[in-house]
Number of protein chains: 2
Amino acid sequence: MGRSQTNLAWEVLLDLSGAGPRHERLARALRTAIRDGVLSDGAALPPSRQLAEDLDCSRWVVTQAYAQLVAEGYLGARTGSATRVRWSAEPESPAGPPASAPALPRYDLAPGLPDLRAFPRQRWLDALRGVLSVVPHSDLGLPVPGGHPRLRTVLAAYLRRCRAAAAEDVLICTGVTDGVTRVCRALRAAGITRIAVEDPGWPRLRRAAESAGLTVVGVAVDNDGLCVERIPVGVRAVIVTPAHQFPSGTVLSAPRRAGLLAWARDVDGLVLEDDYDAEFRYDRRPVSTVQGMDPARVVLLGSVGKTLSPALGIGWAVIPPQWTQRVRDANPAASAPPVLDQLTFAIFVEDGAYDRHLRAARLRYRSRRDILVTTLGPTRVSGAAAGLHLLLHLADGTDAAAVVRRAAANGLHVADLDTYRFATGEPALVLGYGNLADNTVADAVRVLHAAEDAAGSAPP
Amino acid sequence: MGRSQTNLAWEVLLDLSGAGPRHERLARALRTAIRDGVLSDGAALPPSRQLAEDLDCSRWVVTQAYAQLVAEGYLGARTGSATRVRWSAEPESPAGPPASAPALPRYDLAPGLPDLRAFPRQRWLDALRGVLSVVPHSDLGLPVPGGHPRLRTVLAAYLRRCRAAAAEDVLICTGVTDGVTRVCRALRAAGITRIAVEDPGWPRLRRAAESAGLTVVGVAVDNDGLCVERIPVGVRAVIVTPAHQFPSGTVLSAPRRAGLLAWARDVDGLVLEDDYDAEFRYDRRPVSTVQGMDPARVVLLGSVGKTLSPALGIGWAVIPPQWTQRVRDANPAASAPPVLDQLTFAIFVEDGAYDRHLRAARLRYRSRRDILVTTLGPTRVSGAAAGLHLLLHLADGTDAAAVVRRAAANGLHVADLDTYRFATGEPALVLGYGNLADNTVADAVRVLHAAEDAAGSAPP
């Protein structure tokens, strides 16, 4: 995201206040800018005549300051060429990105991301412009903890219309993890100490429950989804992904849905329904929420993380009335996303831009999935009827972790199913194709096959 | 020198985009500005010739738009006199807030808010446009929990430059409350169970500490700020507001600063420095941070809540190296603000827009403070050297709560100092003038005096 140095507002960048002659103050300001990385190594400074004009000072002041910094080793100058910064921050300088930033994979098959290339930048900007042109200044004050009323209203309508949810009111939070954390804190405060999660399942939600003080219990998943009858006696809460189980890709069957709700009533329990990629169903209309079948027993959780971008930090929870106050009380410090973002998303939904975006995304993902399944070989794939990921089953005895490592060495990021299991099992990979560039599918599969080969598995 | 209506940047205030002829678009924009209270009842509009020049349109466009709004009852016009706004907001407009939202006060003297009318809408939009035009799609993926490296770098430089902080790295959080909560959780995890807070002090921070599992201990504040020597033996952590104590308005004196750091070293403790409105110092240059004097002992906390808007949800913490990992470990579910917001703010700072905004705000607040102090009577006021609030001392025996209630009944929102105390004390009010419209200062003081009168106090 480089900003060209010539566009800088020099009179703003350089603080010439303070004591001393003007050329010294300018030298000091430039030195600070260079040290702080505002002016980076190699950056060209403006010709002295121009900077003098910008700063409304004499050209002599500028040439003196430049000369001083050349002498000090911050700048380099050659006749007939621009004066340039010749100074790099130390290795641990704050100007650099932290060492922990991971290298970007060439082929991103890591599950959990939508197509970041397709983020609707212009429409998002348009929506914010719309917000800023009408939002009353009072809305820019302290945010309402539960979310801005406008977004709550808009989202409730959206969830009723598109997810058959029973949504009268919606709590706005920063994402599904945040929503799960809040509800789990309320469970803990109500004396509930254990919660069932799907095995395999999404580790972040497991960790969220644990961080709220709950003990998690893994419950197996088969081709019909969560094996409800295996939830241990005494457990009264469960996190499920009915629309498209992560990572197995199964859809919770109708009998299991009924069973889940019967269980919840039996034990006076609570179901946390993570509706994380319900918007993308390819063979038929999206499966409705379990929440709509019994809103007194189910918390519905969703976010824009898989539809727009996890970087937006907007999520929601529809909470049974008898839990609303408890969730609020258990999270006194919880805050909603920034108001401008909430309102931007509200306008984005209201204007139909969200629906249009989802329709276009569904077509794109379906076509990408089709290519991927065909290229991989349909018999090796499961869980691809919906969502942004599928399972690739490896030959018996394959070391899945070795395949993942090999692939990573060749720039392909993919996940071992074992990562999401409580114990190891049959070798399989979880392939997320949400953020895979369309034109790289063939290459990505080639790299993947090569990794399987090298790890001793034999792709067809 | 508040912003007189004639100084408004009309081309910024009025968004003429959208469909329809130009005079209709102008009428719409003006209507919106009036409804939102940007143009308040009685405000004079510029002569049509001048506005036409500002907006680069024909005078006919302006006169048509004015005539339309006069017909609609938004404006009043008399020959030979300025066209003025003639419209007050309804108690509850249809598009307005839900029943639970408090009615907006006519005179907002509640402490804690900056001037929301002056939020730099256009510049913020410009900064987001800049971000969206260059941000790589990979930045739209899962956010880095500690904050985007770009904002961390930019903020560290800002804090070194403007707050004399020793900031090598900065943790991005959603505000000071969030930052305090995170650090308090780490304190709790390290076995520290009690924390000292200023009495009087900001209740939200006290509650944040309590929600993290700590017991708070109130420590008195005098004219030199926190009475460091009164921190009880055994307490090893303290939250302070050295730059401008809230709500007493005192500045922590140099001996007390030294004493505070000596105490922290003695007890192997930690100081949480809430730098909440340090940017606004009126009599001399802002006081530097305590953190800069001993970065190993002090957590520096700040946010844009008092400089731009609390609705943005962007804050930061500079944490001593030996606490960095502990704070991270104690907050596994904590998230940074949305990436787009972080980057927008980064560009806003880098481009100098933040500095310009702060400079303009400082002038505006100082002038508003001067008018307020003069109107109230300087001998009754204290704590007004900095920040966005001051103390108004009431006559002995006055029931401050009764004054607050009386004022509220007449549309004036103001706080009783007792609200921020652990026990009751001499009667005083906390007046926040950040969000008080300039043209209402005289009226507000009149309402306040009337409330004092009615409550049996005798204003001069």
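Proteins come first, then strands; the chains are lettered A, B, ... in the order of their sequence lines, and each starts at number 1. Keep in mind that what you see is a predicted model, and the values were worked out from it rather than measured.
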J.: For A:T174, which of B:P337, B:P338, B:S335 qualifies under side chain to side chain contact (heavy atoms under 4.5 Å, CB included)?
T.: B:S335
J.: Heavy-atom distance under 4.5 Å to chain B: side chain of A:R152, backbone, both or neither?
T.: neither
J.: If you count heavy-atom pairs within less than 4.5 Å of chain B, which of A:A118, A:G313, A:P136 leads?
T.: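 Between A:A118, A:G313, A:P136, the count favours A:P136.
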J.: For chain A, which candidate among B:L340, B:V339, B:L132 shows the most heavy-atom pairs at distances under 4.5 Å?
T.: B:L132
J.: Considering only heavy atoms, which portion of B:P143 lies under 4.5 Å from any heavy atom of chain A: side chain, backbone, both, or neither?
T.: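 The answer is the side chain of B:P143.
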J.: So for atom NE2, which belongs to B:H357, do other residues, nucleotides or ligands contribute more than 12 heavy atoms lying within a distance under 6.0 Å?
T.: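 Check passes, neighbour count above 12.
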J.: Given the options A:N435, A:N331, A:V134, which has more heavy-atom pairs under 4.5 Å with chain B than any of the others?
T.: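 Looking at each option in turn, the highest pair count goes to A:V134.
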J.: Mark yes or no for whether A:S211, through its side chain, and B:P332, through its backbone, hold a donor-acceptor pair below 3.5 Å.
T.: no
J.: If you measure from CD on A:Q122 to OG on B:S133, what distance do you get to the nearest 0.5 Å?
T.: 10.0 Å
J.: A:L125 versus chain B, heavy atoms under 4.5 Å apart: side chain, backbone, both or neither?
T.: both
J.: Taking atom CZ of A:R117 and atom CG of B:L140, what is their separation to the nearest 0.5 Å?
T.: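 Nearest 0.5 Å value for the CZ-CG distance: 11.0 Å.
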J.: Tell me whether A:R123 at atom CZ has more than 12 heavy atoms from other residues, nucleotides or ligands lying less than 6.0 Å away.
T.: no
J.: If I measure from the heavy atoms of chain B, does A:V180 come under 4.5 Å with its side chain, its backbone, both, or neither?
T.: neither
J.: Taking every heavy-atom pair that is under 4.5 Å apart, which of A:V131, A:L308, A:D108, A:L116 has the most such pairs with chain B?
T.: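 Going by pairs under 4.5 Å, I would pick A:L116.
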J.: So does A:E168 have more than 12 non-hydrogen atoms from other groups sitting under 6.0 Å from CD?
T.: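 No, not enclosed.
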J.: Determine the option with the most heavy-atom pairs under 4.5 angstrom with chain A, choosing from B:L312, B:L113, B:T181.
T.: B:L312
J.: Between A:S309, A:G112, A:G141, which shows the greatest number of heavy-atom pairs under 4.5 Å with chain B?
T.: A:G141
J.: Below 4.5 Å from any heavy atom of chain B, which atoms of A:D139 appear? Answer side chain, backbone, both or neither.
T.: backbone
J.: Under 4.5 Å from any heavy atom of chain B, what part of A:R182 do you find: side chain, backbone, both or neither?
T.: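 For A:R182, neither part sits under 4.5 Å from chain B.
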J.: For the backbone of B:R129 and the side chain of A:R121, can you confirm whether one donor and one acceptor N or O come within less than 3.5 Å of each other?
T.: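 Absent.
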